[in-house]
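Below you'll find the structure, written out as structure tokens, and then a few comments.
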Amino acid sequence: MAFSNEQMERYSRHIILKEVGSKGQKKLLASKVLIIGTGGLGAPAAMYLAAAGVGTIGLVDYDHVDLSNLQRQIIHLTADINKPKVISGKETINNMNPDVNVVTYREWISSTNITDIIKDQDYDFIIDGTDNFPAKFLINDACVLLGKPFSHAGIIRFQGQTMTYVPRQGPCYRCVFKNPPPPEVVPTCKQAGVLGVMGGIIGTIQATEALKYILGLGNLLTGKLLTFDALTMEFRKIKLPNNKKCQVCGEEPSIKELIDYDQAVCELKR
Ligand SMILES: [Zn+2]
């Protein structure tokens with residue numbers, strides 16, 4: 001595949017990087033990334049991956065755009081209020097970069113559909129842009145069972161965290177966090193608030209990990225949890241040990257099927 005003149009110009013700042021070059025840009029155009037949740041984290045991740053020329057981007061979200069989303073979910077505009085988020089996201093991406101094929105899944109993920117969604121385009125990398133523990137454990141277990149790499153992240157108030165799972169290269173999310181906390185003790189962003197830029201900071205780190213994984217560059221956040229505190233401007237990298245007793249990726253895994261955990265009612269009615 002040869003680049004068109006327009007593509008040569010569009011991606012020139014990538015192509016000029018010796019670590020990327022034409023070969024790397026072609027890899028990006030042939031790559032497929034699934035983004036689960038087009039909210040605070042998924043919106044900036046999707047926009048940067050689209051701008052970078054990731055050829056296929058899957059967007060998963062059942063929700064519609066709400067006025068209260070626009071403080072941080074920058075892929076959606078005021079005119080998009082009440083539109084399904086996946087449609088609004090697809091339109092923004094199509095307007096930004098016609099090279100990207102956007103595949104939409106207007107669904108809530110659950111144990112019954114997540115495997116089919118990941119297999120639908122045989123995605124290379126998955127981004128967890130969700131805002132609740134049941135979804136995070138579900139994405140983790142599905143990726144472990146299917147042998148897919150993914151980026152986990154969470155944001156609340158002025159704090160964010162992210163880690164990357166690559167099969168056989170480090171611990172999974174469950175190795176570290178074991179089981180979801182009971183729904184009643186978990187504050188959501190709606191209850192606790194979140195500084196809008198947190199999604200941009202952490203979501204673009206997730207996009208960076210996806211690009212590095214596809215290009216085979218640098219060191220990923222495997223076996224490391226990166227935390228960020230916006231008030232002190234401190235990033236910390238916490239080393240995560242391998243957990244041989246992990247229920248899903250350990251030596252004797254007890255989880256062989258996906259689990260739908262209960263979710264706080266307020267989250268379901270966002
Ligand atoms: Zn594990």
Side-chain angles (χ1 to χ4, degrees), residues 32-37 41-42 45 58 60 108-119 122-156 159-183 185-186 202-203 205-214 216 218-228 235-264 267:
K32 294 172 274 188
V33 177
L34 180 68
I35 301 171
I36 305 180
L41 294 162
V60 190
W108 291 124
I109 51 156
S110 71
S111 64
T112 54
N113 63 6
I114 189 167
T115 304
D116 290 341
I117 292 173
I118 293 171
K119 283 185 175 170
D122 191 19
Y123 287 99
D124 301 307
F125 193 92
I126 290 113
I127 289 187
D128 172 5
T130 66
D131 64 352
N132 65 83
F133 287 102
K136 293 189 181 304
F137 279 89
L138 182 69
I139 292 167
N140 179 73
D141 293 354
C143 287
V144 170
L145 295 174
L146 292 170
K148 291 286 182 185
F150 80 98
S151 166
H152 151 83
I155 49 168
I156 198 153
Q159 261 116 41
Q161 67 176 38
T162 179
M163 64 176 274
T164 301
Y165 167 77
V166 178
R168 295 171 300 280
Q169 288 185 27
C172 76
Y173 178 68
R174 198 183 275 281
C175 284
V176 185
F177 297 99
K178 314 270 186 324
N179 288 297
V185 303
V186 181
I202 304 294
I205 290 176
Q206 292 187 281
T208 310
E209 291 286 276
L211 295 177
K212 281 162 56 194
Y213 175 82
I214 294 159
N219 301 315
L220 297 168
L221 287 170
T222 45
K224 291 177 188 87
L225 183 73
L226 183 71
T227 65
F228 174 62
F235 280 95
R236 283 190 190 152
K237 222 151 81 175
I238 303 159
K239 205 165 178 285
L240 305 171
N242 275 314
N243 180 359
K244 287 179 187 168
K245 289 187 177 155
C246 175
Q247 295 173 80
V248 70
C249 80
E251 285 172 354
E252 289 174 38
S254 55
I255 297 172
K256 287 167 186 159
E257 283 178 9
L258 299 171
I259 306 164
D260 290 310
Y261 290 103
D262 283 342
Q263 199 167 323
E267 288 180 351

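Note that ligands are numbered from 1 as they come in the structure, with each ligand's atoms numbered from 1 the same way.
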| Do any N or O atoms from the side chain of Q247 and from the backbone of I255 form a donor-acceptor pair under 3.5 angstrom? | no

| request: Please name all residues satisfying side chain to side chain donor-acceptor pair (under 3.5 Å) with Y173, sequence neighbours left out, ordered by chain then number. | output: none

| message | Looking at K148 and D122, is there a salt bridge between them, counting it only when a charged N and a carboxylate O are closer than 4.0 Å? | response | yes

| request: Would you please test I202 and F228 for side-chain contact (heavy atoms from CB on, under 4.5 Å) and show each step? | output: CA-CA 8 Å; I202 304 294; F228 174 62; 4.0 Å; yes

| remark: The single option from D141, D131, T130, I36 that satisfies side chain to side chain contact (heavy atoms under 4.5 Å, CB included) with K136 is T130

| request: Could you walk me through whether I114 and L138 pass side-chain contact (heavy atoms from CB on, under 4.5 Å), step by step? | output: CA-CA 8 Å; I114 189 167; L138 182 69; 4.2 Å; yes

| said: Keeping to distances under 2.8 Å, can you name the protein N/O/S atoms close to the Zn ion (ligand 1)? | reply: C172 SG, C175 SG, C246 SG, C249 SG

